[in-house]
Visitor: 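What follows is a structure written as structure tokens; I'll ask about it next.
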Amino acid sequence: MSVSTDLVPPPTARTAPAAGVVPLRRPGRWISALVVLVMLAAAVRSVVTNEAFQWGVVGEYFTAEVVLRGLGLTLWLTVLTLVLGFALGTVLAVLRLSGNPVLVGVAWGYVWIFRSVPMLVQLLFWFNIGALYPTLAFGIPFGPDFVSVSSTNLIGPLAAVIIGLTLHEAAYAAEIVRGGVISVEQGQVEAALALGMGRGRILRRIVLPQAMRSIIPAAGNSLIGTLKGTSIVSVLAVQDLLFSVQLIYNRNYLIIPLLLVATIWYVAVTSVLSAAQYYVERYYARGAVRALPPTPWQRLKGRLR
Amino acid sequence: MSAATVVRISDLHKSYGATPVLRGVDLEVRQGEVTCVIGPSGSGKSTLLRCVNHLEKINAGEVEVDGELIGYRRHKGRLHELKDRAITRQRASIGMVFQNFNLFPHLTVLENVIEAPIGVRGLSRAAAVVLGKELIARVGLAGREESYPRQLSGGQQQRIAIARALAMEPKLMLFDEPTSALDPELVGEVLAVIADLAEAGMTMVVVTHEMAFARQVADTVVFLDEGRVVESGPPAELLSAPRHARTREFLARVL
């Protein structure tokens with residue numbers, strides 16, 4: 001075999017990715033993919049054809065007014081809990097990172113207690129707060145009170161739920177925010193100090209925007225957890241999404257299809273939140289990577305072209 | 001005629017826990033002068049620099065910039081640490097450039113430069129942008145205003161860090177090993193910017209390992225070892241004919 005003929009590629013080899021390179025064939029991939037697809041098809045078929053799912057009923061109740069109102073309450077509770085929880089959590093994180101040993105201890109204690117008590121137990125406590133403190137008063141500690149109200153009047157089921165969810169969320173949010181803040185390099189703070197920036201401005205303009213990169217994935221997780229966690233309020237007869245479908249199936253006994261209605265809504269909202277999280281993460285990745293990854297939409301357009 | 005003293009450090013002591021780092025440092029820098037601080041690693045060079053803008057608390061002694069005691073006020077013979085706001089005001093007129101650049105990665109080059117002028121000096125955004133663009137051009141990076149720091153080379157990042165410090169119109173610039181984190185071929189472009197500043201009359205203290213740069217640009221070279229100034233003098237004297245054995249030893253190792 002002569003060397004010179006090997007150096008000249010045959011004309012047909014032009015279209016190959018690289019002349020003379022044959023990628024490894026992987027028949028195992030094809031077989032495993034096929035097996036999984038067949039199994040998946042069988043599962044889908046059983047779901048679609050099984051009469052017990054009663055897809056007609058699902059469709060009927062999917063946009064029923066009661067269900068939508070329940071969904072509205074679930075979303076509202078989720079957003080409220082997230083906003084209040086993260087506001088309180090950020091304060092706790094700042095206390096925890098302050099140099100003051102008392103504040104550090106109090107913030108640590110808060111996180112310890114509220115992460116340790118199950119959410120359901122906490123909700124029941126708040127709901128029954130009247131047994132612990134029959135009246136709530138606003139006044140000077142150890143001094144006179146200005147206003148005093150009965151706690152059972154003030155804290156109904158909905159208030160109990162909001163307080164319980166918020167305090168619970170704040171404990172987790174505090175750790176998420178603190179984790180984000182300590183992930184920012186100390187040199188960033190020093191550079192800002194050297195420029196004459198004050199502590200508050202450094203936190204707002206330099207540290208938190210960079211901390212966001214590690215806060216967002218954890219916060220997204222927490223948000224989705226909260227969305228589903230709100231279903232726990234149905235035990236206090238607060239009419240969220242789950243309790244709304246329960247009200248219906250307690251009347252007509254169509255338990256499975258109505259649970260499916262709630263399930264599909266939870267999945268739908270979670271999907272929207274996951275997509276939103278992707279874009280928020282992408283926003284805070286500015287500067288952290290040399291080139292931003294394409295959005296799924298840009299990637300799709302690229303493939304089609 | 002001698003120019004006004006900008007930095008006066010006297011009998012400065014600083015320790016980390018039980019480990020003494022600075023053991024009685026005296027140093028004076030005059031208006032428009034470039035002082036290069038050299039010495040083996042661990043000799044306290046960076047700590048000395050960080051005491052000048054109170055990034056480090058001191059244990060004893062005094063640091064004055066422009067006749068003003070930095071970080072403390074004297075009351076009945078004792079030093080009391082100043083409130084954050086007062087320290088912040090003092091730092092605003094002292095520029096600092098770090099070994100690792102410490103640019104803000106989430107801000108563009110221009111935003112890095114104008115952040116403090118707007119937030120600390122209270123410049124309008126429009127005025128800060130004009131100033132920022134001018135300084136970015138001055139360090140040779142016109143056109144890169146909208147880039148993010150990670151899209152720049154190390155040398156370019158350090159030049160932007162210098163522009164960022166200059167945007168505060170400081171009366172003193174501190175450089176903490178500005179070229180130590182750079183690839184050898186990028187060192188020159190950063191030193192050129194610093195040399196330009198020296199030419200323009202900026203008062204500077206530069207901690208460096210670049211002996212050729214010290215020889216060329218410094219008015220005074222200070223050799224620091226084990227937390228004390230061993231000797232100081234014009235570069236021609238100190239670098240070519242050191243009086244102390246420790247200086248000779250150190251120079252023999254790095255030259």
Side-chain angles (χ1 to χ4, degrees), chain A residues 90 94-95 97-101 103 176-177 179-219 277-294, chain B residues 46 49-50 52-56 71 83-109 111-122 146-152 160-161 164-170 172-176 181:
Chain A
T90 306
V94 170
L95 295 185
L97 294 164
S98 76
N100 187 328
L103 299 185
I176 292 173
V177 173
V181 168
I182 58 180
S183 75
V184 177
E185 215 198 321
Q186 184 58 24
Q188 292 290 308
V189 176
E190 287 189 352
L193 283 174
L195 285 166
M197 292 169 72
R199 292 268 167 202
R201 193 176 175 85
I202 294 175
L203 188 68
R204 266 183 300 115
R205 299 281 304 166
I206 307 301
V207 175
L208 281 182
Q210 294 185 61
M212 279 306 206
R213 241 173 91 65
S214 46
I215 288 177
I216 292 296
Q277 183 187 338
Y278 180 86
Y279 283 93
V280 175
E281 272 180 35
R282 197 169 175 279
Y283 173 80
Y284 281 108
R286 281 166 319 156
V289 287
R290 289 193 179 201
L292 284 177
Chain B
S46 290
L49 211 58
R50 293 161 60 86
V52 176
N53 65 355
H54 200 65
L55 281 183
E56 301 287 350
K83 289 189 173 157
D84 279 355
R85 187 179 292 269
I87 295 172
T88 295
R89 185 184 53 75
Q90 294 182 330
R91 284 191 186 121
S93 60
I94 303 172
M96 188 165 197
V97 173
F98 298 85
Q99 181 175 351
N100 296 316
F101 329 135
N102 291 341
L103 288 177
F104 307 130
H106 61 301
L107 300 179
T108 63
V109 162
E111 287 166 345
N112 262 279
V113 177
I114 66 177
E115 174 67 32
I118 294 173
V120 180
R121 285 177 61 201
E146 300 310 317
S147 303
Y148 284 95
R150 295 228 168 98
Q151 296 167 328
L152 303 179
I160 293 302
R164 179 177 69 175
L166 290 176
M168 293 300 288
E169 302 192 338
L172 168 70
M173 285 282 285
L174 308 172
F175 292 85
D176 188 4

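Proteins come first, then strands; the chains are lettered A, B, ... in the order of their sequence lines, and each starts at number 1.
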Visitor: Considering only heavy atoms, which portion of A:A192 lies under 4.5 Å from any heavy atom of chain B: side chain, backbone, both, or neither?
Guide: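 Interface part for A:A192: both.
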Visitor: Between B:N53 and A:A194, is there a donor-acceptor pair closer than 3.5 Å when you use the side chain of the first and the backbone of the second?
Guide: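 Judged by distance alone, no pair lies under 3.5 Å.
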Visitor: Does the side chain of A:E185 come within less than 4.5 Å of B:N102's, by heavy atoms?
Guide: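 A side-chain contact under 4.5 Å exists here.
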Visitor: From B:R121 CZ over to A:L195 CG, what is the distance, rounded to the nearest 0.5 angstrom?
Guide: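 Those atoms lie 11.5 Å apart.
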Visitor: Nearest 0.5 angstrom please: B:E56 CD to A:E190 CD, how far?
Guide: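 Between atom CD of B:E56 and atom CD of A:E190 there are 7.5 Å.
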Visitor: Between the side chain of A:Q188 and the main-chain N/O of B:L103, is any donor-acceptor distance below 3.5 Å?
Guide: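 The answer is yes, because a donor-acceptor pair under 3.5 Å joins these two groups.
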Visitor: Applying salt bridge (charged side-chain N to carboxylate O under 4.0 Å, His left out) as the test, list every pair that has at least one member in residues 197-213 of chain A; sequence neighbours left out.
Guide: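 Output for this query lists A:R201-B:E115, A:R205-B:E115.
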Visitor: Quick check on B:F98 against chain A: is it the side chain, the backbone, both or neither that has a heavy atom closer than 4.5 Å?
Guide: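 It is the side chain, since no backbone atom gets that close.
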Visitor: If we define contacts as heavy-atom pairs under 4.5 Å, which of B:G95, B:A92, B:P105 has the most with chain A?
Guide: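 The residue among B:G95, B:A92, B:P105 with the greatest pair count is B:P105.
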Visitor: Please classify the contact of B:I94 with chain A as side chain, backbone, both or neither, using a heavy-atom distance under 4.5 Å.
Guide: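 Backbone only.
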Visitor: Does any heavy atom of chain A fall under 4.5 Å from the side chain of B:R50, the backbone, both, or neither of them?
Guide: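 The side chain, not the backbone.
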